[in-house]
A.B. asks: 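Quick one: this structure, given as structure tokens, is what I'll be asking you about.
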Amino acid sequence: MMKLVISNKPYSPWPMRVWLLMRELGLVFEEQIIDLSGPDKIARLRAVSPSGRVPVLLDGAITVWDSLSIIEYLAERFPTAGVWPAAAGDRAHARSIVAEMHAGFTALRGQLVMNMRRNPRAIDLKPEVQADLQRIFTIWTDTRERFGKGGPFLFGRFSAADAYYAPIVSRLYGYAVEVPAACRPYMDVIQSLPAYKAWRSDCDLDPWFNEKTDNL
Ligand SMILES: N[C@@H](CCC(=O)N[C@@H](CS)C(=O)NCC(=O)O)C(=O)O
């Protein structure tokens, strides 16, 4: 069976993306959690991950690291699972917005630190964060308008693109960000996903409370 190595669920957006995708698409795997709060964190990460970061997917003799490589690996390994949208143009757009998330939005990621257990509370957003948010809202509305007619997700049917933006939904919720009305139904759809709810409820089982980020 495939094994997905992740870190503490409340604080782990990159692992969450792959975990959600695999769960929603019914790709069976066991999970291993590396506790980032415990001693020897670096050695424990390095023991499974060449980059010292998670997620890592172990599939027999194959090790894949970095969320985006894992998603591409899964798309090849399970070509009918629906990792990416079926039409070439839709797929190109999906890859573009996923790449934009993977490589960017650093201001948002820096200020709105992922904490799935956060009681919703607003903070003063830096202008760079507001700019990141506007870009994300544009991506969502534009993609839904152009590609999302067949269902409630970015490309109609659930795909890697939704998994990639799911941690953003959790941050918008946790930091009580004002969201345009047009984007709220999409947030609700993501938060209602069985895999999203399962990840959220697993967060309550995590023993680590990161004092550095819990009180931001
Ligand atoms: N670009 C990588 C980023 C992975 C990453 O930064 N993962 C975090 C967990 S969310 C990590 O492994 N952190 C290790 C640490 O905090 O030492 C990906 O997409 O997988």
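Atoms within a ligand are numbered from 1 in the order they appear, just like the ligands themselves. Each residue takes its place number in the sequence, starting with 1.
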A.B. asks: Between Glu72 and Arg95, is the closest basic N to carboxylate O distance under 4.0 Å?
C.D. replies: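 Yes, Arg95 and Glu72 are salt-bridged.
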
A.B. asks: Does one side chain, of Tyr173 or Arg200, offer a donor that lies under 3.5 Å from an acceptor on the other?
C.D. replies: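 Tyr173 vs Arg200: no donor-acceptor pair found between side chains.
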
A.B. asks: Among pairs that include at least one residue of residues 100-126, which meet ring pair (Phe, Tyr, Trp, His ring centres under 6.0 Å), considering only residues two or more places apart or in two chains?
C.D. replies: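 Qualifying pairs: Trp14-His102.
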
A.B. asks: Please report the shortest heavy-atom distance between Gly52 and Leu45, naming the atom on each side.
C.D. replies: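 Looks like O-CD1, 3.3 Å.
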
A.B. asks: Between Glu31 and Lys9, is there a side-chain N and carboxylate O pair less than 4.0 Å apart?
C.D. replies: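 Salt bridge: yes.
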
A.B. asks: Run through ligand 1 for me and note each protein residue having a heavy atom under 4.0 Å from it, chain first, then residue number.
C.D. replies: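 For ligand 1, the residues that come within the 4.0 Å heavy-atom cutoff are Ser7, Ser12, Pro13, Trp14, Pro15, Leu36, Lys41, Leu45, Arg53, Val54, Pro55, Asp66, Ser67, His102.
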
A.B. asks: Is the shortest side-chain N to carboxylate O distance from Asp142 to Arg146 below 4.0 Å?
C.D. replies: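 A salt bridge links Asp142 with Arg146.
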
